[in-house]
Every structure is written in C-alpha cells, then in structure tokens.
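Both backbone and side-chain heavy atoms feed into the values below; hydrogens, waters and symmetry mates do not.
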Amino acid sequence: MSTTSHSVMLPRRRTAAPRPFALLAVLEPYLFLLPLLVVLLGLAAYPLLNGIYTSFTDREVARPGHFIGFGNFVKLFAEPAYRTAVRNSILLTTGAVGTKLVLGLACAVLLTQRFPLRGLVRTLAFLPWAVPGLVAALGWRWLFDEQAGVFNAIVLMTGLSDRPIDFLSDPDIALVSIGVATVWQGLPFFMLMFIAGLATVPLELYEAAAIDGANPWQRFSRVTLPSIADVIAVTVMLSSIWTFNSFQMVYVLTGGGPADRTQILPTLAYEFGMRRSLLGEGAAVITSFTPLFLGVIFLLTRRMLREKGVR
C-alpha cells in the first residue's frame, strides 16, 4: 500500500524590485512632466527672470551693463511719460474690461436664447476673436482715418459734423478710440466664456426660482451670476492681463501719441528699450507692475480654491 504525500503550497514571497527599477517607478510621473517643465522654464520662467534681472542693470543694446539696483525705477518714477503711461494703462484696462464684461454678459444671455439663424449670429459674433491682432489694428486704423476712413465718411454724410473728426490725433478722444477697438476685439472671448458658463447652470434652479415668484432680473442676479461667478472672475483676470499688455493695438493706431497722450506701459517699454536702446529702463517699465499682477492672480486663485474647499 503506497502512501501519497501531499505537499503544502506555501505562498511565494514577493521579491522586491531591483533598486534601479524601483527608482524608475518613483521618477516615472516626473519624467512624463519633464517636457512640459522644459517648455515652461524655457518660454516663461527664463524670459521673466531675465527681464527682472535686466531691470536692475544699466544694460543697453550691444552693451551688457552692470547691476545698479533700483536706479532705473528711481528714474522712471520721476519721468512724466511713465506716470502718463500708468494712468493710460489703468484707464484703458478698467474701461475696456468693464465694457466687455457688461456687453459680454448681455450678449451671452441673448445668444443662449432660441431664435432663427442663431448659429449664424453666433459665428459672426465670435469672428473678431479669430482675426489676428495686427490685422485687426490695421483695419481699425483705416476705419478711424481722418481722410479716407469709414467713420468720418459717415459723420460727413449724416451731417453730424462739418469737418472730419481726428479720432487718432485728438488727445481728448484718441484713447477712447483705442478702447473701442480693444472692446471689439476682446468681446467675443467674454461671450464665449459666459455662454459656456451659462450652459452649466442647472435648469432646476431657474424653475425653482420661478415657482418662488422671482422675476427675470432676480433670477439673473440671484441664480445666474452666483452660478458663473468663477467663470466671470477668471475671464476678467485674463482679459485684464491681455488688455494691460495690448501693445500692437496702441502701437499701430497711435504709436503712443499724440504727445504721449495714449502711451501705455508696453509701448513705453518699447520706446525705452528699442528706440532709445535703454534695455534696462525698458525692462523696468514692465517689471514695475509685475508684482501687482502676481498678487492679483495669487489672491484670485486662493479665493477660488477656498470656495471649492481645496486647501
């Protein structure tokens, strides 16, 4: 009689991965992020840091320069053109962004309604956003032209004035003309963002508000606006940065004139850096407002994360 021996199968002990492979597993996520990190460092971080460093030097074209501390900033604060550029930048940004905000909300609400040819109207409304900035600036320069411009032709034909209006050379209205062109170009971005935000608002909220007796304005102010508050904040922040740095529109339309009355910080930086070859002072013009933008972005991001419960 033969006995069969039953062997008990013990679980195999999991062997640790070799040390190089374990290290590779830890570094794998960072290796996937490496291309993005290289792009950010090369296209964003390095130019920003180099510009900040240049603002503390007396660097000129074809001349490396030396570190001079806050010397460039002291010169700028005593420069009348700099104070004018700061004022114009603030006026242009607040005026244009505020106008785009109000018109963008109104147009977004209208474009979300059902009406014939809504798709065509939306396409035409978004068209200015697709036009390159330089092309748009050249088009508005032709519209505002004193001799052959469309606007002056309309003014003369309708009898609103007996002589052409100097839209771009009159110091009192030149900045307003730039603001009109800036609003035209940036308004589609506001409409696009707000239409996307309105699409995420649940219809149940409007139905509940209507049952409670809320009128259209109350539904808009108490349901729509709170629901898209984050979208509005991000849109305003991005548009403020873009408008504040809208170099090509101002440069093509007026070049900062007449008599620096439409000079803004980007065009003033170009004036110092390129035309006068003072790269240090040109970099200082932009660096002087960099902390303000970084602070606004930090506070806005922190507020949005706090509302979503992210610490």
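When side chains are defined from C-beta on, L278 counts as touching E60, because their heavy atoms get closer than 4.5 Å. For the pair I178/I264, no side-chain contact is recorded, criterion being any heavy-atom separation below 4.5 Å from C-beta on. Taking 4.5 Å as the limit, every side-chain heavy atom of D58 sits out of range of all side-chain heavy atoms of E281. Two residues are said to be in side-chain contact when any heavy atoms from C-beta on lie closer than 4.5 Å; V236 and L101 meet this criterion. With contacts defined as side-chain heavy-atom distances shorter than 4.5 Å, the pair L41/V38 does not qualify. Residues P128 and Q185 are not in side-chain contact: their nearest non-hydrogen atoms beyond the backbone lie 4.5 Å or more apart. Taking the side chain as every heavy atom from C-beta outward, R219 and T224 never approach each other to under 4.5 Å. Counting heavy atoms from C-beta outward, T93 and F244 have side chains that approach closer than 4.5 Å.
In R276, the CZ atom is crowded: over 12 heavy atoms of neighbouring residues, nucleotides or ligands sit closer than 6.0 Å. With a 6.0 Å radius and a threshold of 12 heavy atoms from other residues, nucleotides or ligands, F70 has its CZ atom at or below the threshold. The local environment of CZ in F115 is crowded, with over 12 non-hydrogen atoms from other residues, nucleotides or ligands closer than 6.0 Å.
Nearest approach of S227 to V201, heavy atoms of both residues: CB-CG2, 3.7 Å. In terms of heavy atoms, L279 sits closest to G273 at CD2-O, 3.3 Å. The two residues A81 and L268 make their nearest non-hydrogen contact at O-CD2, 3.9 Å. Between A137 and L253, the shortest heavy-atom distance links the atoms O-CD2, 3.5 Å. Here the shortest heavy-atom pairing between Q147 and D145 reads N-OD2, 2.9 Å. For F56 against G69, the heavy-atom pair with the smallest separation is CD2-O, 3.1 Å.
Residue T262 forms a side chain to side chain donor-acceptor pair (under 3.5 Å) with just one option from T267, N88, T254, and that option is T254. Each of F73, F77, F289 was checked for a ring-ring contact (aromatic ring centres under 6.0 Å, His included) with Y82, and the lone residue meeting it is F77.
Hydrophobic clustering of Ile, Leu, Val, Met, Phe, Trp and Tyr side chains at less than 4.5 Å, counting indirect connections, unites V97 with V86. When the side chains of ILVMFWY residues are joined at heavy-atom separations under 4.5 Å, either directly or via intervening members, F272 and F247 end up in two distinct hydrophobic clusters. At a threshold of 4.5 Å between side-chain heavy atoms, the hydrophobic network of Ile, Leu, Val, Met, Phe, Trp and Tyr places W242 and L292 in one connected group. Under the 4.5 Å side-chain contact rule for hydrophobic residues, W217 and F194 share a cluster. Placement of V102 and L225 in two distinct hydrophobic clusters is found when ILVMFWY residues are connected by side-chain heavy-atom separations under 4.5 Å, directly or transitively.
A centroid separation of 6.0 Å or more is found between the aromatic rings of F126 and W129.
Ring geometry, F67 versus Y53: the interplanar angle falls under 30°, so the pair is classed parallel (tilted spans 30 to 60°). The aromatic rings of W140 and W184 sit perpendicular to each other, their planes meeting at more than 60°, with 30° as the lower class boundary. Using bins of under 30°, 30° to 60° and over 60° for the plane-to-plane angle, the ring pair Y251/Y270 lands in the perpendicular bin.
Distance check: L265 CG to N245 CG gives 8.5 Å after rounding to the nearest 0.5 Å. With rounding to the nearest 0.5 angstrom, the CZ atom of F189 is 9.0 Å from the NZ atom of K100. In this structure, L111 CG and M191 CE are separated by 6.0 Å, a value rounded to the nearest 0.5 Å. The distance from the CZ atom of F144 to the CG atom of D166 is 12.5 Å, given to the nearest 0.5 Å. The CD atom of E204 lies 10.5 Å from the CD1 atom of I211; values are rounded to the nearest 0.5 Å. Note that CG of L31 is 11.5 Å distant from CG of L37, once rounded to the nearest 0.5 Å.
Of the possible donor and acceptor atoms, none in the side chain of N152 sits under 3.5 Å from a partner among the backbone N and O of P164. With hydrogens and angles disregarded, a donor-acceptor distance shorter than 3.5 Å links the side chain of N72 to the backbone of S55. Looking at D170, its side chain does come within 3.5 Å of a backbone N or O of D172 through a donor-acceptor pair. Of the possible polar contacts, one joining the S177 side chain to the F167 backbone as a donor-acceptor pair under 3.5 Å is found. The main-chain N or O of Q218 is found under 3.5 Å from a side-chain atom of N215 such that the two form a donor-acceptor pair.
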Could you walk me through whether L156 and D162 pass the side chain to side chain contact (heavy atoms under 4.5 Å, CB included) test, one step at a time? CA-CA 6 Å; L156 295 176; D162 56 353; 6.0 Å; no

Please walk me through it: do M193 and I228 pass side chain to side chain contact (heavy atoms under 4.5 Å, CB included)? CA-CA 10 Å; M193 294 291 289; I228 63 173; over 6 Å; no

